[in-house]
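Atom set for the values below is all heavy atoms of this structure, side chains included, hydrogens, waters and symmetry mates excluded. Numbering of ligands and ligand atoms starts at 1, following listing order.
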Amino acid sequence: MSHKQNKYIQVEYIDTMPHSDKYWQKEEVLPRRELEEMQLKRLRWVVRHAYDNVPFYRRAFKNVDIHPDDIKTLEDISKLPFTTKDHLRENYPFGLFATPKERIVRIHTSSGTTGRPKVVGYTARDLENWINMCARCLYMAGIRSDDVFQNMVGYTLFTGGLGFHYAAERIGAMVVPSGTGNTKRQIRFMLDFGTTAIHSTPSYALHIKEVAESMDIDPSEIGLKIGCFGAEPWSESLRRKLENSFGLKAFDSYGLSEMNGPGVAFECEEQDGLHVWIDHYIVEIVDPETCEVLGEGEKGELVLTPLTKEALPLIRYRTGDITFLMENECSCGRTHPKIHRIVGRSDDMMIVRGVNVFPSQIEQVLMNIPEVGDSYQIVLKRVGALDEMVVRIEVRDEFFTGELSDLERIKRKIEGSLKEEIGIRIDVELVEKGTLERFEGKAKRIVDLRNTYISQ
Ligand code: DLL
């Protein structure tokens with residue numbers, strides 16, 4: 001349609017140019033060989049950039065006797081040293097930045113659980129690349145210019161808010177920058193503004209469902225079609241619960257501040273693995289103990305090297321997130337490889353009676369049990385020399401008969417399912433609805449009391 005024909009637009013000034021009705025950018029469908037050629041060129045650039053401009057990398061490369069000119073093939077990446085979260089913290093705030101301050105146009109931080117925050121920076125070009133990567137994700141989930149996108153994540157130093165905000169605007173959607181909190185008002189906005197797509201953590205989405213129900217609003221009547229959920233591990237059964245409750249399609253969204261923020265990997269319509277934008281990141285999976293590089297299908301720690309970051313070129317960054325690379329081809333036509341949804345962070349892995357357990361495995365079991373309500377908590381204790389786990393669970397109102405025998409039956413049922421799926425006996429404690437904390441951002445489901453010694 002020409003400008004004259006469009007009665008709503010006086011001057012066409014919005015840069016809304018999808019590559020096609022299916023893909024935001026043409027790079028999404030480049031043949032793998034071309035992507036790899038691009039990766040090699042960019043890898044050589046980023047390694048040189050880090051070496052020339054970040055004293056930390058000059059030293060780190062010298063320590064392992066490697067020079068940027070030694071990078072001749074993509075496989076040569078394995079000669080480079082890793083970067084860890086501690087390196088970022090030790091160089092707080094700007095020590096790993098590769099561009100002078102006058103070229104940095106924004107910073108964000110990621111606090112994690114301990115110590116100094118990690119500070120990340122962006123040049124204007126970094127932001128432009130980031131917006132487009134996030135726009136690829138939202139477009140892939142089906143968000144278009146006629147959507148109303150309610151962005152219910154933090155807008156300040158957290159990358160979730162601004163990252164997707166600008167991307168949704170770029171697509172031309174109507175953005176409701178509502179941030180986190182005031183859940184009743186969020187729900188009213190959804191109804192009043194005709195929100196069709198939401199972005200939040202999966203745990204906040206679960207809370208919104210619960211609050212809507214308490215307002216006598218059926219979540220499926222709100223009119224939501226698309227949910228973009230991420231920033232924390234979640235399970236397939238929570239996806240099903242959110243999809244069934246809201247009547248939307250729920251997509252897993254992965255990213256981390258150190259790699260811009262959201263927009264690193266995202267699910268397509270198949271909802272089976274997340275495409276990683278490999279024209280901007282090299283993906284490796286390594287054994288977290290030995291750092292040996294693992295092959296397709298082998299579970300390990302995700303290591304990412306950003307290929308286009310000017311401000312913060314982190315080489316072989318150990319994310320701490322556990323996943324694996326999936327099979328190559330995807331029916332959506334995108335040529336970028338997929339990672340399996342994140343199983344958990346290596347720091348969150350619990351060892352109970354010799355068995356490795358991630359919180360998302362517990363959630364996967366719980367969300368399939370109808371009696372289980374919308375909140376749970378994992379309490380870790382040390383009894384004598386052993387770690388013990390107790391899962392505190394809110395029971396749905398309609399199953400709370402007040403009869404002790406009913407509660408005992410529910411407890412035994414949940415313990416049975418946990419034993420069957422995870423292979424160890426896990427104690428369950430049932431609590432009344434509303435007892436456990438709710439979360440607007442990333443949920444904190446683990447309460448670690450292991451330093452509080454409990455004698456046997
Ligand atoms: O959480 C960026 C983000 C914002 C991603 C909004 C998705 C949506 P950080 O605060 O730096 O950045 O936390 C990054 O969160 O290393 C993972 O451990 C975890 N994480 C992020 N997305 C997922 C996901 C943002 N989809 C850390 N599944 C990462 C599991 C996730 N874990």
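Under 3.5 Å, the side chains of Asp321 and Tyr254 contain a donor-acceptor pair of N or O atoms. Side-chain contact of Gln186 with Gln150: a donor-acceptor pair under 3.5 Å is present, judged by distance alone. Residues Asn151 and His199 bring a donor and an acceptor atom of their side chains to less than 3.5 Å of each other.
For atom 7 (C) of ligand 1, the closest non-hydrogen atom on the protein side is Ala231 N, 3.3 Å. In terms of protein heavy-atom proximity, atom 31 (C) of ligand 1 is closest to Glu232 N, 3.5 Å.
The part of Ser110 lying near ligand 1 is the side chain, judged by heavy-atom distances below 4.0 Å. Neither the backbone nor the side chain of Lys118 has any atom closer than 4.0 Å to an atom of ligand 1 (non-hydrogen atoms only). Only the side chain of Asp321 comes within contact range of ligand 1, with a heavy atom under 4.0 Å; no backbone atom does.
A salt bridge is absent between Glu394 and Lys433; no separation between the charged side-chain nitrogens and carboxylate oxygens falls under 4.0 Å. Comment: Glu388 does not engage Arg382 in a salt bridge, judged by the lack of any side-chain N to carboxylate O separation of less than 4.0 angstrom. Glu210 and Arg438 are joined by a salt bridge, as a carboxylate oxygen and a charged side-chain nitrogen come within less than 4.0 angstrom of each other.
Heavy atoms of Phe158 come nearer than 4.0 angstrom to ligand 1 in at least one pair. For the pair Asp252 and ligand 1, a heavy-atom separation below 4.0 Å is found.
Below 4.0 Å from some heavy atom of Leu256 lie the following atoms of ligand 1, by number and element: 11 (O), 12 (O), 14 (C), 16 (O). Proximity to Gly160 (heavy-atom distance under 4.0 Å) selects the following atoms of ligand 1: 4 (C), 6 (C). Under a 4.0 Å criterion applied to the non-hydrogen atoms of Ser257, ligand 1 contributes the atoms 9 (P), 10 (O), 11 (O), 12 (O). If you number the atoms of ligand 1 from 1 as listed, the ones under 4.0 Å from a heavy atom of Ser253 come out as 7 (C), 8 (C), 22 (N), 23 (C), 24 (C), 26 (N). The Ile342 neighbourhood of ligand 1 comprises atoms 28 (N), 30 (C), with distances under 4.0 Å to a heavy atom of that residue.
Annotation: cation-pi geometry not satisfied between Arg334 and Tyr23 (NZ/CZ under 6.0 angstrom from ring centroid, within 45° of ring axis). The side-chain tip of Arg239 does not point at the ring of Phe229 from less than 6.0 angstrom away and within 45° of straight on.
Between His108 and Tyr122, the ring center distance clears the sub-6.0 Å criterion. No close placement of the Phe439 and His207 rings is indicated, their centers lying 6.0 Å or farther apart.
Considering Gly255, Ala265, Ser360, Gly263 only, the shortest heavy-atom separation from atom 25 (C) of ligand 1 involves Gly255.
Atom NZ of Lys22 has more than 12 neighbouring heavy atoms from other residues, nucleotides or ligands inside a 6.0 Å radius.
Backbone and side-chain nitrogen or oxygen atoms of Trp234 are examined, and none is located within less than 3.5 angstrom of a nitrogen or oxygen of ligand 1. Residue-to-ligand polar distances keep His199 apart from ligand 1: every N/O pair is separated by 3.5 Å or more. Among the atoms of Gly230, none of the N or O lies under 3.5 angstrom from an N or O of ligand 1. Residue-to-ligand polar distances place Lys442 within reach of ligand 1: an N/O pair is separated by less than 3.5 Å.
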